[in-house]
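Heavy atoms only: backbone and side chains are in, while hydrogens, waters and symmetry mates are out.
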Amino acid sequence: MQRFALVHSLAQRRLLVLNGRSKTTSLKGSKPKSTMTIVTRFAPSPTGYLHIGGARTALFNWLYARHTGGTFRLRIEDTDRQRSTPAAIDAIIEGMGWLGLNWDGEVVYQFARAARHAEVAKQLIAQGRAYHCYASPEELEAMREDQRKTGRPLRYDGRWRDRPATDAKPNVPPVVRIKAPQTGETIIHDKVQGDVRFGNDVLDDFILLRSDGTPTYMLSVVVDDHDMGVTHVIRGDDHLTNAARQRQIIDAMGWPVPTYAHLPLMHGEDGQKLSKRHGALGIHEYKDLGYLPEAMRNYLLRLGWSHGDDETISTEQAIEWFNLDSIGRSPARVDFKKLDNLNGHYMRSASDAVLADGTLALLKSKGAAVTDDLQAKLISAMPGLKERAKTLVELANGANFLVAQRPLALDDKAQKLLTPEARVILTGLEAALAATADWSASQLDAATRVFAEQKGLKLGAVAQPLRAALTGQSTSPGIFDVLVVLGRAESLARIADQARG
RNA sequence: GCCCCCAUCGUCUAGCGGCCUAGGACGUCGCCCUCUCACGGCGAAAACAGGGGUUCGAGUCCCCUUGGGGGCACCA
């Protein structure tokens with residue numbers, strides 16, 4: 001009841017804001033704007049984490065609201081008391097936060113509005129647009145079974161549509177069903193799918209209120225969208241047929257019909273329905289995999305929406321460009337390779353300090369010994385490091401040599417590089433490097449080249465063993481940068497370790 | 001079973017009747033750069049699902065087939 005009141009006051013406040021805005025506009029003397037402020041919403045049910053598909057839906061709603069200067073609301077559809085959990089609510093809110101999709105106003109909890117939903121159902125009954133149905137679940141299941149057997153469409157046959165309550169057995173609590181039109185057709189004007197027509201004969205009298213008096217989703221969405229002033233319903237394709245049903249309630253109440261945009265669903269890499277075997281589903285998993293939120297936003301945006309040949313689209317640009325007309329109509333498959341590429345792009349343009357923080361957190365979580373100067377080392381190594389990483393996880397792996405303790409563990413490729421001959425070369429190189437006056441990249445570079453030339457070696461023959469000794473790996477940032485970041489003492493010690501190994 | 005939606009390179013897509021001998025991006029494969037790996041640069045292979053119409057002209061419009069997907073709960 002508490003939340004119910006809260007939501008109402010919010011709706012009222014929104015109206016005040018609306019009035020205030022139109023007044024400001026007219027004062028400025030600019031041409032009269034449309035009085036309709038756009039309101040979108042993301043309405044997940046808290047039965048699990050924030051799904052990648054849901055995240056895209058949220059993103060599109062958010063972008064459209066931001067693009068139009070409208071309002072973006074978050075509503076938790078928790079009317080399924082069995083399956084809704086507080087943990088899921090937390091996960092959704094956390095996921096939204098990570099993705100940077102901020103909503104306006106308070107979160108609306110649908111179940112808290114159950115009384116309002118029931119009130120609408122009662123009003124519908126009073127208007128003769130809804131009725132009590134006393135059929136038991138078992139009875140209805142038998143009806144459907146019969147329909148299946150005889151190959152007829154599965155839908156409620158309207159057995160209580162015109163039957164008086166006096167026909168009911170005593171002590172059977174009824175459900176409330178909409179009295180839907182049985183002839184004609186319902187047309188959904190969809191911004192993505194175009195005009196979609198449904199014969200009213202295929203729409204049955206669905207349930208509004210369960211026998212325990214709680215509202216069903218079909219009723220709740222319509223009432224909440226109306227009360228929240230939602231003007232644009234942007235949601236998954238799986239709700240397209242629901243739109244036709246919901247339209248029955250909207251019409252019965254005489255409410256304005258929102259603009260619909262049903263997004264094609266996302267599929268796995270094999271084109272099948274997205275499921276666990278396709279890899280990461282929850283948005284939190286993408287965070288753990290080391291993806292950047294801005295890369296996720298860009299990637300998700302391009303999955304189903306396009307702006308000519310543009311691929312790399314910043315969030316600011318997306319807000320400026322986003323529209324409903326450019327949403328594609330066919331389902332898209334997730335493509336992790338492309339996400340990787342995009343993430344790499346955003347990593348390269350991210351600030352070294354931000355990336356260093358992310359890397360530091362990952363290194364700590366892996367139990368690395370974190371010394372005081374690590375942060376500084378990370379930042380100075382970052383330009384070379386971030387070129388080579390597509391995710392924060394790769395970045396942390398690449399930075400591992402900074403925290404590694406002597407004597408270094410060598411990976412297979414590094415092991416192969418450190419042949420007996422290579423170790424001899426390292427011995428000579430150690431002396432050459434130790435002799436440099438100034439431990440700078442340019443001096444170290446010069447010294448190494450001179451050394452290689454004297455020995456009649458190509459630079460690579462010297463640099464690779466050096467890399468192996470310094471990092472324990474066969475790949476790393478530019479080797480002279482590595483020398484500088486590690487510092488004179490540590491570098492020479494690591495070289496010595498391998499020269500005498 | 002009934003209803004609804006979708007269909008361009010492997011993937012994401014541009015294309016909204018003539019600009020298309022179909023463009024871009026990821027991925028793949030070559031080459032260049034180079035101390036490794038990346039980044040970057042250059043180049044290549046790669047698609048209008050099939051069949052009927054409409055039209056002077058169809059990837060673009062219509063129909064059918066096929067193939068995907070969604071919905072048909074006292075779930076959301």
Side-chain angles (χ1 to χ4, degrees), chain A residues 43-47 77-80 82-84 110 133 135-137 140-141 144 147-156 173-177 188 190 192-194 196-199 201-204 206-212 214 216-218 220-221 236-242 244-245 262 264-265 267 269 271-273 299 302-312 328-342 344 348 384-390 398 413 417 445 448-449 452 458-464 466-468 471 473-480:
Chain A
S45 61
T47 54
E77 310 229 315
D78 55 353
T79 51
D80 184 343
Q82 309 305 318
R83 300 194 300 156
S84 298
Q110 191 159 62
C133 166
S136 69
L140 293 173
E141 189 39 55
R144 277 189 289 269
Q147 288 169 339
R148 255 189 292 271
K149 258 189 279 183
T150 51
R152 281 175 296 154
L154 303 174
R155 48 179 166 261
Y156 177 70
V175 299
V176 174
R177 287 181 183 273
I188 299 300
D190 194 277
V192 175
Q193 313 290 352
V196 184
R197 321 173 89 91
F198 297 89
D201 54 327
V202 305
L203 271 22
D204 64 359
F206 57 90
I207 293 174
L208 261 20
L209 242 40
R210 302 186 184 97
S211 53
D212 64 0
T214 60
T216 59
Y217 159 80
M218 216 61 80
S220 301
V221 224
D237 215 353
D238 49 340
H239 288 292
L240 185 54
T241 49
N242 286 337
R245 287 176 226 283
H262 286 94
L265 265 23
H267 290 168
E269 283 179 303
Q272 296 302 114
K273 187 178 177 176
Y299 177 71
R302 283 290 291 108
L303 225 50
W305 182 85
S306 60
H307 185 270
D309 285 340
D310 294 306
E311 293 288 347
T312 306
R329 284 177 303 168
S330 52
R333 305 182 185 199
V334 291
D335 179 3
F336 295 104
K337 289 278 175 44
K338 190 153 185 174
L339 209 208
D340 279 346
N341 176 274
L342 219 36
R348 270 171 262 131
L385 246 24
K386 67 184 180 186
E387 285 286 302
R388 293 165 175 78
K390 291 198 176 71
K413 285 177 182 169
L417 246 21
D445 187 330
T448 306
R449 281 174 203 277
K458 291 176 114 178
L459 185 55
V462 180
Q464 277 305 84
L466 176 58
R467 169 168 285 114
T471 69
Q473 299 175 316
S474 61
T475 72
S476 81
I479 200 62
F480 306 114

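- Remark: the separation of the P atoms in B/G24 and B/C62 is 28 Å, to the nearest Å.
- Look at A/Arg449 and you'll find a side-chain N or O under 4.0 angstrom from OP1 or OP2 of B/C35.
- On the P atoms, B/A58 is 39 Å away from B/G41, given to the nearest whole Å.
- Of the nucleotides present, none pairs with B/U36 by Watson-Crick or G-U wobble criteria with both distances under 3.5 Å.
- Residue A/Lys337 places no side-chain atom within donor-acceptor reach of the base of B/C26, judged by atom type and a 3.5 Å distance cut-off alone.
- Ion pair A/Lys337/A/Asp340 not flagged as a salt bridge, since none of the NZ, NE, NH1 or NH2 atoms sits closer than 4.0 Å to an Asp/Glu carboxylate oxygen.
- Within 4.0 Å of A/Val175, counting heavy atoms only, lies at least one base atom of the nucleic acid.
- In this structure, A/Asn242 does not reach the B/A76 phosphate: none of its side-chain N or O atoms is under 4.0 Å from OP1 or OP2.
- Residue A/Phe198 is classed as a sugar-phosphate contact, given heavy-atom separations below 4.0 Å to backbone atoms only.
- For the P atoms, the distance from B/U55 to B/C72 is 43 Å, rounded to whole Å.
- Between A/Arg348 and B/G40, a side-chain N or O to OP1/OP2 separation shorter than 4.0 Å is present.
- A/Leu303 comes within contact range of the sugar-phosphate backbone alone, with a heavy-atom separation under 4.0 Å but no base atom that close.
- Not one side-chain nitrogen or oxygen of A/Arg467 sits closer than 4.0 Å to the OP1 or OP2 atom of B/U34.
- Nucleotide B/C9 forms no Watson-Crick or G-U wobble pair with any nucleotide shown, as no partner meets the under 3.5 Å limit on both distances.
- Contact of A/Ser476 with B/C37 (side chain to base): no donor-acceptor pair of N or O atoms is detected under 3.5 Å.
- Counting non-hydrogen atoms under 4.0 angstrom, A/Pro477 reaches a base of the nucleic acid.
- Taking 3.5 Å as the limit, the base of B/G23 and the side chain of A/Asp309 contain a donor-acceptor pair of atoms between them.
- For A/Arg388 against B/U36, a side-chain N or O and a base N or O form a donor-acceptor pair under 3.5 Å.
- Phosphate proximity of B/A14 to A/Ser306: present, with a side-chain N or O under 4.0 Å from OP1 or OP2.
- Nucleic acid contact for A/Arg83: base, since at least one base atom lies under 4.0 Å from a heavy atom of the residue.
- Considering only side-chain N and O atoms, A/Thr79 lies under 4.0 angstrom from the phosphate OP1 or OP2 of B/A76.
- Residue A/Arg302 is classed as a base contact, given a heavy-atom separation below 4.0 Å to a base.
- Only the C1' atoms considered, B/G30 is 22 Å distant from B/G23, to the nearest whole Å.
- With hydrogens and angles left out, the side chain of A/Lys390 and the base of B/A38 share no donor-acceptor pair within 3.5 Å.
- A/Gly328 comes within contact range of no nucleotide atom at all, as no heavy-atom separation falls under 4.0 Å.
- Contact annotation for A/Pro137: base contact, defined as any heavy-atom pair under 4.0 Å involving a base atom.
- Between A/Thr448 and A/Val462 there is a side-chain heavy-atom pair separated by less than 4.5 Å.
- Residues A/Asp204 and A/Arg155 come closest through the heavy atom pair OD2-CB, 3.2 Å.
- A/His267 comes within 4.0 angstrom of sugar-phosphate atoms only, judged by non-hydrogen atoms across all strands, and of no base.
- The closest side-chain heavy-atom distance from A/Ile207 to A/Val176 is not below 4.5 Å.
- Across all strands, A/Ile479 comes closer than 4.0 Å to base atoms (heavy-atom distances).
- Distance check on atom C1': B/A45 versus B/G27 gives 13 Å, rounded to whole Å.
- The separation of B/C74 from B/G68, taken at their P atoms, amounts to 30 Å, rounded to a whole angstrom.
- Using a 4.0 Å heavy-atom cutoff across all strands shown, A/Thr475 reaches at least one base atom of the nucleic acid.
- Within the 4.5 Å cutoff, no side-chain heavy atoms of A/Leu208 are placed close to those of A/Arg177.
- Annotation: side chain of A/Lys413 is not in contact with side chain of A/Gln473 (no heavy-atom distance under 4.5 Å).
- Electrostatic pairing of A/Arg348 and A/Glu387 does not count as a salt bridge here, judged by no charged N lying under 4.0 Å from a carboxylate O.
- With a cut-off of 3.5 Å on both pairing distances, the Watson-Crick or G-U wobble partner of B/A49 is B/U65.
- Base pairing analysis places B/C31 opposite B/G41; the two distances defining the Watson-Crick or G-U wobble pair are each below 3.5 Å.
- Taking the P atom of each, B/C39 and B/A46 are spaced 25 Å apart, rounded to whole Å.
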